[in-house]
Amino acid sequence: MTPGPGAAPVPPTRVRRRRRGSAEGALLAGPGLLYLALFFLVPLAIVLVIAFMDRGRFGGIVWTPSLDNLARALEPVFLSVLIDSVVIAGITTLLALLIGYPAAWAIARIPARWRTLVLLLVVLPFWTSFLIRTYAWIVLLNSQGPLNGLLVGLGLIAEPLSLLYTPGAVVAGLLYAYLPLMILPLYAAIERLDPEIREAAANLGARPWTVFRTVTLPLTLPGVLIGSIFVFVPSLGNFVVPELLGGGKTVMVGNLVRDQFLKARDWPFGATLALVVVALLAILLVLQARASRAVEEGARA
Amino acid sequence: MRERGGRAPLLVLVGALVFLWVPVLVLVGMSFNAAGTPYTWGGATLDWYAALARNEEVLTGLGNTLLVAAGATAGSVILGTPLAIGLHRHLRSGAWEALSLGPAIAPDLVLAIGLLSLFVLSGVTLGLHSVLLGHLVFGTAFVAAIVRTRLGHTDPALEEASRDLGATPLSTFFRITIPSLAPAILAGGLLVFTLSLDEFVIAFFTNGPATPTLPIVIYSMVRFGLTPEINALAAVLLLVTFTVVLAAQRLTGIGGRRRA
């Protein structure tokens with residue numbers, strides 16, 4: 001594309017190239033960004049706006065700003081659901097960490113030719129239908145199900161326990177659904193560790209627990225935080241597992257949001273509850289970013 | 001150096017694998033159980049598979065799901081690949097980055113109610129098209145994220161050479177850039193396809209009543225109680241997943257270590 005004779009004075013190449021670059025960038029990224037602006041940003045903005053509106057008498061939205069929904073979300077009935085949700089998602093995350101850390105550690109230590117197979121075994125159940133995996137727990141935990149049968153058969157219990165429709169069942173279902181999301185980032189973090197650092201610490205006389213606490217854990221903390229967020233975020237907003245395994249007795253904030261939108265037709269209140277969840281998650285993400293940065297700076301120092 | 005306490009993590013790993021696999025395998029076992037319950041063995045049968053193959057709702061749901069997943073995969077690749085290239089080469093800005101990654105980390109419930117509000121307020125009727133529009137949001141974000149990781153490893157000299165030799169930007173794009181990104185595009189496409197197949201929350205909120213996708217059909221079956229056909233469906237889906245994951249691994253070499 002050489003400018004023909006008589007073309008306008010040629011601008012310096014650097015400027016021209018940059019200008020062409022930004023046009024090319026807009027051409028490439030434009031459609032995708034436009035799509036995400038329209039179908040991601042706009043929906044989020046709508047949720048943000050209607051959260052501060054009133055509900056119409058027959059559903060719908062009355063476009064007058066108000067803070068009533070926020071006040072209502074903090075009433076004891078709803079606040080207790082929020083707290084329950086955070087506790088259930090928190091226990092799930094903690095259990096996933098307690099199981100996932102040693103498991104990821106073991107995967108990083110087994111011979112390399114087994115590693116791919118074991119990682120596949122961790123991931124494969126995760127790729128089967130989420131609803132069917134949850135359904136499997138209805139089958140397992142049923143009062144006549146295999147788990148009760150096993151416990152009675154072993155003589156550990158006399159009567160079948162009511163395992164299904166309890167908070168414990170909800171935690172089991174969430175843990176089952178999201179455990180791989182904890183193991184994978186932890187594995188990535190542990191695999192990158194240089195074994196010589198730990199050996200150095202051990203050779204200098206540190207005991208295994210001290211090595212773990214002062215060397216290994218801080219270096220793998222970013223993986224711990226990412227895994228925890230991967231488990232906590234989908235657990236907190238989940239409404240399928242509490243409904244199917246909690247049997248309506250364990251209500252989480254996701255169930256409230258769903259009901260406000262699809263049953264009570266109170267969209268503004270549903271949006272407010274969803275925003276409270278987003279606010280909680282945003283705080284967590286900020287904390288996570290701070291902690292990882294602190295670890296990185298500590299490692300560099 | 002052998003570490004002390006080296007056995008305990010291995011035991012936890014074995015326990016975790018048992019935990020992950022027993023529920024799935026119980027369903028697969030039950031799918032061959034003529035009694036149709038997990039409590040007694042009534043002999044081996046393939047009846048549940050036959051019943052599944054005749055189940056109109058499941059078949060319709062499967063058709064709808066495949067349609068949405070195919071559209072979401074194609075659309076996400078078309079939107080996400082150039083998005084990744086544009087962001088990587090030309091528009092280095094935190095705001096655009098955040099916009100392109102946001103859908104991958106935003107809670108699906110919030111996105112779902114936002115999309116429902118958008119569609120209803122703007123008078124869009126709900127159906128498979130609205131589900132597709134929703135799946136394209138996270139699909140585009142995932143394809144863009146995966147293609148970007150690959151862009152860091154490609155050699156820009158190849159494209160420069162192509163241009164210096166007189167190729168037009170368009171022909172350089174299709175003959176050099178896209179082929180060098182092919183593994184990432186393929187991996188992204190497969191990821192979007194599998195995510196879309198199983199996506200429930202966005203579909204649940206933004207779908208019309210006439211066009212349930214497979215996860216919505218499964219949801220209504222599961223809520224109804226124990227249905228033996230679900231076990232057969234679980235086994236079939238597991239087999240499909242196996243095939244797709246293994247194929248993806250073969251094609252992209254992700255997670256695979258070549259043995260010498």
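Numbers restart at 1 for each chain; the letters A, B, ... are given by sequence-line order, proteins then strands. All values derive from a computational prediction rather than experimental measurement.
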Checklist line | B:Leu20, part contacting chain A, at a heavy-atom distance under 4.5 Å | finding: both
Next item on the list: Give a yes or no on this: more than 12 heavy atoms of other residues, nucleotides or ligands lie within 6.0 Å of atom CH2 of B:Trp21.
Entry: yes
Next item on the list: Below 4.5 Å from any heavy atom of chain A, which atoms of B:Leu109 appear? Answer side chain, backbone, both or neither.
Entry: side chain
Check: With a 4.5 angstrom heavy-atom cut-off, which part of A:Pro234 approaches chain B: side chain, backbone, both or neither?
Finding: neither
Checklist line | Side-chain touch B:Leu133/A:Tyr35, heavy atoms, less than 4.5 angstrom | finding: yes
Item checked: Part of A:Ile50 lying under 4.5 Å from any heavy atom of chain B -> side chain
Note to self: Taking every non-hydrogen pair under 4.5 Å, which of A:Leu44, A:Val122, A:Val233 racks up the most with chain B?
What the structure shows: A:Val122
Note to self: Return the CG to CG distance between A:Leu262 and B:Leu116, rounded to the nearest 0.5 Å.
What the structure shows: 7.0 Å
Note to self: Ignoring hydrogens, what is the shortest heavy-atom contact between A:Ser129 and B:Asp198? Give both atom names and the distance.
What the structure shows: CA-OD1, 3.3 Å
Next item on the list: Under 4.5 Å heavy-atom distance to chain B, tell me which part of A:Leu33 shows up: side chain, backbone, both or neither.
Entry: both
Next item on the list: Mind telling me whether A:Phe239 and B:Phe205 have parallel, tilted or perpendicular rings, with 30° and 60° as the class edges?
Entry: perpendicular
Next item on the list: Could you check which of A:Leu124, A:Leu236, A:Leu140 has the highest count of heavy-atom pairs closer than 4.5 Å to chain B?
Entry: A:Leu124
Next item on the list: Indicate yes or no: at least one non-hydrogen side-chain atom of A:Leu36 is less than 4.5 angstrom from one of B:Leu83.
Entry: yes
Item checked: Most contacts with chain A, counted as non-hydrogen pairs under 4.5 angstrom, among B:Val14, B:Val22, B:Ile85, B:Leu136 -> B:Leu136
Margin query: Can you tell me which portion of B:Leu115 sits under 4.5 Å from chain A's heavy atoms? Options are side chain, backbone, both or neither.
Written below: both
Note to self: Taking the side chain as everything from C-beta on, heavy atoms only, tell me whether A:Leu281 gets closer than 4.5 Å to B:Pro107.
What the structure shows: yes
Check: Given the options A:Tyr176, A:Phe39, A:Tyr101, which has more heavy-atom pairs under 4.5 Å with chain B than any of the others?
Finding: A:Tyr176
Check: How about A:Trp267 and B:Val120: do any of their side-chain heavy atoms sit closer than 4.5 Å?
Finding: yes
Note to self: Less than 4.5 Å apart, side chain to side chain, heavy atoms only: is that true for B:Val110 and A:Val277?
What the structure shows: no
Next item on the list: Specify the closest pair of heavy atoms between A:Val139 and B:Val26, including all atoms of both residues, with the distance to one decimal.
Entry: CG1-CG1, 4.4 Å
Item checked: Heavy-atom side-chain proximity of B:Val12 to A:Trp105 below 4.5 angstrom -> no
Notebook entry, point to check: Which one of A:Arg258, A:Glu243, A:Arg133 has the most heavy-atom pairs closer than 4.5 Å to chain B?
Noted result: A:Glu243
Item checked: Contact winner vs chain A - B:Gly86, B:Ser76, B:Pro82, heavy-atom pairs under 4.5 Å -> B:Pro82
Next item on the list: I would like to know whether A:Trp127 and B:Val240 meet side chain to side chain contact (heavy atoms under 4.5 Å, CB included); could you show each step before the answer?
Entry: CA-CA 10 Å; A:Trp127 285 120; B:Val240 172; over 6 Å; no
Checklist line | B:Leu10 vs A:Ile110 side-chain heavy atoms within contact, under 4.5 Å | finding: yes
Note to self: With rounding to the nearest 0.5 angstrom, report the CG to OG1 distance, A:Leu28 to B:Thr81.
What the structure shows: 10.5 Å
Notebook entry, point to check: Is chain A contacted by the side chain of B:Leu233, its backbone, both, or neither, given a heavy-atom distance below 4.5 Å?
Noted result: both
Next item on the list: Please determine, among A:Val47, A:Ile99, A:Ile138, A:Leu121, the option with the most heavy-atom pairs under 4.5 Å with chain B.
Entry: A:Leu121
Check: So, for A:Pro102 and B:Pro9, which heavy atoms are closest and what is the spacing to 0.1 Å?
Finding: O-CB, 3.4 Å
Next item on the list: May I ask you to check whether A:Trp137 and B:Phe19 place their ring centers less than 6.0 Å from one another?
Entry: yes
Next item on the list: Please report the closest heavy-atom contact between B:Leu118 and A:Pro43, naming both atoms and the distance.
Entry: CD2-CG, 4.1 Å
Check: Does the side chain of B:Tyr219 come within less than 4.5 Å of A:Thr134's, by heavy atoms?
Finding: no
Check: Do you know which of B:Leu238, B:Leu237, B:Leu27 has the most heavy-atom pairs with chain A at a distance under 4.5 angstrom?
Finding: B:Leu27
Item checked: A:Phe130 and B:Phe200 aromatic centres sub-6.0 Å -> no
Check: What part of B:Ala84 lies closer than 4.5 angstrom to a heavy atom of chain A: side chain, backbone, both or neither?
Finding: neither
Next item on the list: Tell me, out of A:Gly270, A:Ala274, A:Pro125, who's got the most heavy-atom pairs with chain B below 4.5 Å.
Entry: A:Pro125
Next item on the list: List the atom of A:Ala271, the atom of B:Ile113, and the distance in Å for their closest heavy-atom pair.
Entry: CA-CD1, 4.3 Å
Check: Checking B:Leu11 against chain A: side chain, backbone, both or neither under 4.5 Å from a heavy atom?
Finding: neither
Notebook entry, point to check: Contact part of A:Ala172 toward chain B, heavy-atom cut-off under 4.5 Å: side chain, backbone, both or neither?
Noted result: backbone
Notebook entry, point to check: Non-hydrogen atoms of chain B under 4.5 Å away: do they reach the side chain of A:Ile107, the backbone, both or neither?
Noted result: both
Notebook entry, point to check: Considering only heavy atoms, which portion of B:Leu197 lies under 4.5 Å from any heavy atom of chain A: side chain, backbone, both, or neither?
Noted result: neither
Check: Counting heavy-atom pairs under 4.5 Å to chain A, which of B:Ser117, B:Ala112, B:Pro103 comes out on top?
Finding: B:Pro103
